[in-house]
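Accompanying notes for the structure given below.
Within every chain, numbering begins at 1; the chains are lettered A, B, ... in the order of the sequence lines, protein sequences first and strands thereafter. We use all heavy atoms of the structure for the numbers below, so side chains are in, but hydrogens, waters and symmetry mates are not.
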Number of protein chains: 2
Amino acid sequence: MNKPGGISSKLSELGYRLTPQRIMILSAIDNSDDHISAEEIYAQVVAKYANVNISTVYRTLELLKRLGLVTETDMGEGRVRYHPVGKGHHHHLVCQECGAIIDLDESVLSSVKDVLLREYGFIADLKHLAIFGRCVNCRK
Amino acid sequence: MNKPGGISSKLSELGYRLTPQRIMILSAIDNSDDHISAEEIYAQVVAKYANVNISTVYRTLELLKRLGLVTETDMGEGRVRYHPVGKGHHHHLVCQECGAIIDLDESVLSSVKDVLLREYGFIADLKHLAIFGRCVNCRK
DNA sequence: TATGCAGTTGCATAGAGTCTCAATTATAAT
DNA sequence: ATTATAATTGAGACTCTATGCAACTGCATA
């Protein structure tokens with residue numbers, strides 16, 4: 001907890017308060033191997049301290065997003081999932097037929113990033129994208 | 001209304017009913033130059049016939065999406081926008097700083113589409129994507 | 001220690017979108 | 001024309017996310 005380089009140390013470096021609520025939220029994000037949803041974070045936090053409000057979870061996630069400490073990915077489940085940036089970037093292919101999720105290395109989109117920067121002067125934030133479509137098994 | 005090649009004729013060709021509700025929804029989509037949101041469609045439809053329910057709008061949009069007749073794009077406004085496929089594909093660069101929206105030709109992502117197909121056998125549905133980031137004017 | 005003040009939280013509420021279920025409507029079959 | 005069947009709709013409950021506001025927290029200065 002609060003190891004150097006971790007999200008929590010970054011937060012306090014930037015002058016934000018490390019409240020108990022935030023510490024619990026951050027540890028939920030950090031301890032999740034997978035991509036975690038706001039509701040899942042909330043469930044973990046409430047288990048430890050019942051008086052935490054879900055608004056706080058959403059507000060903390062919003063803050064972390066703005067600071068570039070977590071990425072947000074919509075995998076088409078009707079809820080968004082979060083991932084700490086420190087644990088590496090990657091993208092997902094989401095099959096709209098069978099729901100399969102195939103991980104995709106960041107490099108696949110780096111050429112696009114380059115083109116956008118070169119031709120449009122646009123710095124694309126392509127850290128954690130979900131691309132929808134049809135996977136090998138579901139093609140006719 | 002119901003011109004050949006239009007969405008409504010496609011719908012009836014596929015065996016779906018062309019109910020008054022759907023006709024009004026389709027004409028709202030077709031007549032919008034811009035990308036239109038569900039609420040905007042609903043507002044237009046209700047103005048003509050008060051008893052239409054917003055569920056019907058969402059259900060119709062879901063159907064059109066599934067049939068590939070409209071594309072859905074989340075430009076980060078907290079609501080999704082729709083666009084008839086017949087009016088051409090393109091992507092958007094959305095600046096997270098100033099909100100500027102820069103249109104982007106479909107071809108920029110066609111190389112990605114090819115790579116995904118070749119290396120993953122994945123048919124990517126990249127018809128109408130919003131890429132977030134920072135535009136030329138907002139770079140430091 | 002007391003006071004001011006910005007940061008943060010809980011609560012209540014609102015908006016966007018989804019889902020269930022019963023009622024209605026259209027199509028097909030008799 | 002009547003009945004059976006399936007598609008579609010409206011109403012309303014519900015989920016996820018965001019926001020306004022008043023209360024609370026903790027640092028900084030007096």
Side-chain angles (χ1 to χ4, degrees), chain A residues 7-8 10-26 28-29 35-46 48-67 69-82 96 99 130, chain B residues 7-8 10-26 28-29 35-46 48-67 69-82 96 99 130:
Chain A
I7 297 185
S8 39
K10 284 257 176 60
L11 263 193
S12 49
E13 274 169 35
L14 288 165
Y16 294 94
R17 288 190 205 156
L18 266 184
T19 64
Q21 291 90 334
R22 282 184 179 162
I23 291 171
M24 288 188 285
I25 292 168
L26 295 177
I29 297 174
H35 308 72
I36 193 168
S37 72
E39 288 290 334
E40 287 164 0
I41 295 170
Y42 178 60
Q44 283 193 37
V45 170
V46 156
K48 285 192 226 159
Y49 175 58
N51 281 39
V52 175
N53 199 275
I54 186 125
S55 304
T56 302
V57 174
Y58 281 109
R59 270 189 292 235
T60 302
L61 288 170
E62 173 63 30
L63 174 66
L64 298 176
K65 234 192 314 178
R66 207 174 55 240
L67 297 176
L69 299 175
V70 303
T71 54
E72 186 190 59
T73 310
D74 177 1
M75 311 244 205
E77 305 168 287
R79 105 193 37 110
V80 157
R81 293 191 166 272
Y82 299 86
Q96 284 169 320
Chain B
I7 297 186
S8 38
K10 283 256 176 60
L11 263 194
S12 47
E13 273 169 37
L14 289 166
Y16 293 94
R17 290 188 204 156
L18 266 184
T19 64
Q21 290 91 332
R22 281 185 179 164
I23 290 172
M24 290 187 285
I25 293 168
L26 295 178
I29 297 173
H35 308 71
I36 194 169
S37 73
E39 288 290 335
E40 286 164 0
I41 295 169
Y42 179 60
Q44 283 192 37
V45 169
V46 156
K48 286 192 227 161
Y49 176 57
N51 281 40
V52 174
N53 199 276
I54 186 116
S55 304
T56 303
V57 174
Y58 281 109
R59 271 188 292 235
T60 302
L61 288 170
E62 173 62 31
L63 174 66
L64 298 175
K65 234 191 316 175
R66 206 173 56 239
L67 297 176
L69 298 174
V70 303
T71 54
E72 186 190 59
T73 311
D74 177 1
M75 311 246 204
E77 307 167 287
R79 103 194 40 111
V80 157
R81 294 191 165 272
Y82 299 87
Q96 283 169 318

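With rounding to the nearest 0.5 angstrom, the CG atom of B:Leu63 is 9.0 Å from the CG atom of B:Leu14. A:Leu18 contributes atom CG, which lies 4.5 Å from atom OG of A:Ser12 (distance to the nearest 0.5 angstrom). With values rounded to the nearest 0.5 angstrom, A:Ser8 atom OG is found 10.5 Å from A:Ile29 atom CD1. Taken to the nearest 0.5 Å, the CG atom of A:Leu64 stands 10.0 Å off from the OH atom of A:Tyr16.
Taking the salt bridge (Lys or Arg N to Asp or Glu O under 4.0 Å) definition, one finds that A:Glu39 meets it with nothing, sequence neighbours left out. Partners of A:Lys48 under the salt bridge (Lys or Arg N to Asp or Glu O under 4.0 Å) rule, at least two apart in sequence or in another chain, do not exist in this structure. Applying the side-chain contact (heavy atoms from CB on, under 4.5 Å) criterion to B:Thr73, with sequence neighbours excluded, gives B:Met75, B:His92, B:His128, B:Ala130. Residues passing the salt bridge (Lys or Arg N to Asp or Glu O under 4.0 Å) test with B:Glu77 are B:Arg81, sequence neighbours excluded. Scanning for side chain to side chain donor-acceptor pair (under 3.5 Å) contacts around A:Gln96 gives an empty result, with sequence neighbours left out.
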Restricting both atoms to N or O, compile the protein contacts to nucleotides 24-28 of chain D shorter than 3.5 Å, with distance only.
residue: D:dT25; atom: O2; partner: A:Arg17; partner atom: NH1; Å: 2.9
residue: D:dT25; atom: O2; partner: A:Arg17; partner atom: NH2; Å: 3.4

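Less than 4.0 Å separates DNA chain D from at least one heavy atom of each of the following residues of residues 70-81 of chain A: A:Gly78, A:Arg79, A:Val80. Residues from residues 53-61 of chain A with heavy atoms under 4.0 angstrom of DNA chain D, sorted by number: A:Ser55, A:Tyr58, A:Arg59. Less than 4.0 Å separates DNA chain D from no heavy atom of any residue of residues 35-45 of chain B.
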Can I get a per-line list of side-chain donor-acceptor pairs under 3.5 Å for residues 50-60 of chain A, giving both atom names and the distance, sequence neighbours left out?
residue: A:Asn53; atom: OD1; partner: A:Ser55; partner atom: N; Å: 2.9
residue: A:Asn53; atom: OD1; partner: A:Ser55; partner atom: OG; Å: 2.9
residue: A:Thr60; atom: OG1; partner: A:Thr56; partner atom: O; Å: 2.8

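Here the side chains of B:Val80 and B:Leu61 are not in contact, with every heavy-atom distance at 4.5 Å or above. Residues B:Tyr82 and B:His35 fail the side-chain proximity criterion, which asks for heavy atoms closer than 4.5 Å. A 4.5 Å side-chain heavy-atom check between B:Leu11 and B:Leu67 finds at least one atom pair inside the cut-off.
A rotation axis mapping the C1' atoms of four pairs onto the next four is fitted at both ends of the helix from C:dT1-D:dA30 to C:dT30-D:dA1 over five pairs, and the angle between these axes is 10° to 10 degrees.
Residues A:Ala28 and A:Ile41 share a closest heavy-atom pair of CB-CG2, 4.1 Å. Taking all atoms of both residues into account, the shortest heavy-atom contact from A:Ile36 to A:Gln44 is CD1-NE2, 3.7 Å.
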Trace of the salt bridge (charged side-chain N to carboxylate O under 4.0 Å, His left out) decision for A:Glu13 with A:Lys10: CA-CA 5 Å; A:Glu13 274 169 35; A:Lys10 284 257 176 60; over 6 Å; no
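Contact annotation: B:Arg22 reaches the phosphate of D:dT9 (side-chain N/O to OP1 or OP2, under 4.0 Å).
Both B:Pro20 and B:Tyr82 lie close to DNA chain C; mapped to their nearest nucleotides by heavy-atom distance, the more 5′-ward contact belongs to B:Tyr82.
B:Gln21 comes within 4.0 angstrom of the backbone, heavy atoms only, and of no base.
Remark: C1' of D:dT17 and CD of A:Glu62 are 10 Å apart, rounded to the nearest angstrom. One can place CG of A:Leu64 at 15 Å from P of D:dT17, the figure rounded to the nearest angstrom.
When DNA chain C is scanned in the 5' to 3' direction for atoms under 4.0 Å from non-hydrogen atoms of chain B, the outermost contacting nucleotides are C:dA16 to C:dA26.
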